[in-house]
S.K.: 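This structure is in structure tokens; I'll ask about it shortly.
As a basis for the values below, the full set of heavy atoms in this structure was taken, side chains included, without hydrogen atoms, waters or symmetry mates. Residue numbers run from 1 in the order of the sequence given.
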Amino acid sequence: MALTNAHNTYGSVSKTLHWLTVALILALIPLGIIANDMPFATGEELSRKAFVFSIHKTLGVTAFFVALARVAWMLSQPKPAPLHPERRLETFAAETVHWTLYATLLLVPMSGWIHHAATTGFAPIWWPFGQSLPFVPKSDTLAHTFASLHIIFERVLVIALVLHVAGALKHRFFDRDLTLQRMLPGATAAAPATPAKPHGPALPLLGAAGAFAAALAVSAGLGLFAHDDAALLPQAELAEVASDWTVEDGTLSITVTQLGAPVTGTFEDWTAAIAYDPDSRTGDVTVTVAIPSLTLGSVTAQALGAEFFAADTHPTATFAAEIIGTDAGQTAEGTLTLKGSTVPVTLPFTLNITDGLARMTGETQVARLDFGIGTAYPDETSVGFTVTIAVDLTARRTAP
């Protein structure tokens with residue numbers, strides 16, 4: 001069998017790429033549905049869910065490169081002429097479906113890949129590349145947008161695939177012609193000696209573009225692009241605090257280990273009441289954190305749920321500590337109250353003060369089980385025991 005296309009059939013390269021694509025689609029769609037519906041209430045369930053998602057993502061990246069090769073090969077080859085060129089509407093519809101399929105075969109895995117790169121944590125891709133992508137920042141908003149696009153493009157793919165299969169079956173059982181046989185492995189279809197058709201897809205391309213525009217418009221109307229995680233949980237309203245030092249800028253973050261990989265998230269809403277004397281290097285601090293303001297990549301909703309932070313019933317956490325200066329540096333020694341449990345915590349930190357502006361950085365570690373967090377995950381197979389808390393802030397002195 002020839003590698004390249006002929007006027008009456010497709011070559012072996014086109015056929016191989018076609019049926020490899022079919023196999024990947026038939027694997028990827030069920031895997032995505034199954035993985036999405038799998039429970040994750042325990043560590044064992046989470047591990048299984050992540051495993052299936054990793055298969056889905058890894059095959060998805062494979063499908064992207066197969067589709068890329070297929071489109072490149074298709075553009076380099078003449079296309080066998082239609083067997084019924086007089087049926088102009090039918091030919092236009094078939095070409096439109098083909099171009100829609102080509103586009104979705106690239107857009108579905110690409111949107112899923114960008115979603116993966118924009119989020120943090122959960123189900124790595126098993127290729128030695130692709131955990132992140134150039135020009136794709138870690139962003140919950142970006143991740144949500146491309147997750148929505150992934151779903152939309154997948155629906156377009158399914159519709160185009162159904163139409164493509166229906167057309168092939170029509171040719172086989174109603175028209176009884178050789179259209180389907182052209183793409184069957186090992187088959188060489190006899191056909192009129194019509195020259196192979198060059199690619200001239202202007203109108204079908206416009207038809208495919210119209211299909212995508214309609215899908216995006218309908219999806220936007222249904223609210224699939226809406227992204228307001230803040231509405232999922234009641235927000236803790238933190239009152240203004242009296243403080244000798246006013247925090248001008250700062251980051252409060254946590255890092256957990258999930259499935260062997262670090263996942264870092266931040267709390268957007270927190271306050272700090274600071275009383276500190278630079279001369280004696282002593283004082284005290286009370287930090288109040290709005291738990292629902294946490295963003296932790298793809299596992300944010302899970303982290304805020306009842307098994308972990310239980311943000312709906314325990315919307316705030318408080319760290320109250322005495323600041324002590326020692327020869328080794330500064331420490332804040334006190335207690336952390338979280339999810340109804342109060343545990344002693346020591347936070348070592350560095351402090352530099354220039355012209356009344358203080359820069360403080362510190363880091364400590366706590367055990368999640370001490371606070372009753374993730375008790376359904378009693379080992380570290382899926383979620384590590386240790387959680388790292390890091391703070392980096394600048395504060396200006398407002399009281400003498």
Side-chain angles (χ1 to χ4, degrees), residues 1-28 58-88 90-114 127 129-130 133-134 153-154 156-161 163-165 167-168 171-172 177-212:
M1 181 191 303
L3 294 176
T4 57
N5 295 350
H7 74 274
N8 63 332
T9 191
Y10 290 93
S12 59
V13 174
S14 293
K15 291 181 179 181
T16 299
L17 291 172
H18 176 274
W19 292 108
L20 179 57
T21 301
V22 170
L24 287 168
I25 292 173
L26 292 179
L28 281 164
T58 303
L59 289 178
V61 173
T62 305
F64 173 77
F65 286 108
V66 170
L68 202 61
R70 184 178 178 189
V71 171
W73 181 256
M74 178 269 298
L75 292 174
S76 72
Q77 295 290 299
K79 185 175 182 179
L83 297 180
H84 307 286
E86 72 282 359
R87 302 177 186 175
R88 293 185 178 182
E90 180 180 301
T91 301
F92 167 76
E95 289 290 327
T96 299
V97 169
H98 275 128
W99 280 107
T100 303
L101 275 172
Y102 291 139
T104 54
L105 290 175
L106 292 171
L107 291 172
V108 172
M110 181 188 297
S111 57
W113 199 355
I114 294 175
W127 288 110
F129 58 86
L133 290 173
F153 294 148
E154 185 263 344
V156 176
L157 169 63
V158 169
I159 294 171
L161 186 62
L163 292 174
H164 180 64
V165 172
H171 281 290
R172 176 67 179 86
D177 60 28
L178 301 172
T179 299
L180 177 60
Q181 189 174 342
R182 288 173 160 183
M183 190 55 82
L184 292 178
T188 301
T194 305
K197 180 186 177 185
H199 293 286
L203 287 178
L205 268 176
L206 288 176
F212 281 105

S.K.: Classify the angle between the aromatic ring planes of H171 and H84 as parallel (below 30°), tilted (30 to 60°) or perpendicular (above 60°).
M.R.: parallel
S.K.: How long is the straight-line distance from CG of L59 back to CD1 of I25, given to the nearest 0.5 Å?
M.R.: 12.5 Å
S.K.: Rounded to the nearest 0.5 Å, what separation is found between the CD1 atom of I159 and the CG atom of L101?
M.R.: 11.5 Å
S.K.: Tell me, do F153 and L105 make a side-chain contact under 4.5 Å, heavy atoms counted?
M.R.: no
S.K.: Roughly how far, to the nearest 0.5 Å, is the CG atom of L20 from the NZ atom of K15?
M.R.: 15.5 Å
S.K.: Side-chain contact, heavy-atom cut-off 4.5 Å: E95 with L203?
M.R.: no
S.K.: Looking at every non-hydrogen atom in both residues, tell me the closest pair between P109 and T104 and how far apart they are.
M.R.: CD-O, 3.8 Å
S.K.: Can you see which heavy atom on L24 is nearest to which on A63, and at what distance?
M.R.: CD1-CA, 3.7 Å
S.K.: Among D177, L180, T179, which residue satisfies the side chain to side chain contact (heavy atoms under 4.5 Å, CB included) criterion with R172?
M.R.: L180
S.K.: Measuring only between side-chain heavy atoms, which start at C-beta, is L68 closer than 4.5 Å to L106?
M.R.: yes
S.K.: How long is the straight-line distance from CD of E154 back to CG of L28, given to the nearest 0.5 Å?
M.R.: 10.0 Å
S.K.: Has W19 got a side-chain atom pairing as donor or acceptor with M183's backbone, closer than 3.5 angstrom?
M.R.: yes
S.K.: Would you say the side chain of W73 lies within less than 4.5 Å of the side chain of T4, judging by non-hydrogen atoms?
M.R.: yes
S.K.: Out of the candidates R182, K79, Q77, only one should pair with N5 under the side chain to side chain contact (heavy atoms under 4.5 Å, CB included) rule; please name it.
M.R.: Q77
S.K.: How long is the gap from CG on L161 to OG1 on T21, to the nearest 0.5 Å?
M.R.: 11.0 Å
S.K.: Under a 3.5 Å distance rule, please check whether T96 uses its side chain to pair with a backbone N or O of A208 as donor and acceptor.
M.R.: no
S.K.: Considering all heavy atoms of both residues, which atom of F129 and which atom of V61 are nearest to each other, and what is their separation?
M.R.: CE1-CG1, 4.0 Å
S.K.: Taking all non-hydrogen atoms of both residues into account, name the closest pair between V156 and F212 and its distance.
M.R.: CG1-CE2, 4.0 Å
S.K.: Using a 3.5 Å distance criterion without hydrogens, assess whether the side chain of H98 forms a donor-acceptor pair with backbone atoms of A94.
M.R.: yes
S.K.: Is it the case that atom CZ in R87 sees more than 12 heavy atoms from other parts of the structure closer than 6.0 Å?
M.R.: yes
S.K.: Tell me the closest heavy-atom pair linking P80 and Y10, and the distance in Å.
M.R.: CD-CE2, 3.7 Å
S.K.: Taking the inter-plane angle between the rings of W99 and Y102 on a 0 to 90° scale, is it parallel (under 30°), tilted (30 to 60°) or perpendicular (over 60°)?
M.R.: perpendicular
S.K.: Can you see which heavy atom on L17 is nearest to which on R70, and at what distance?
M.R.: CD1-CA, 3.7 Å
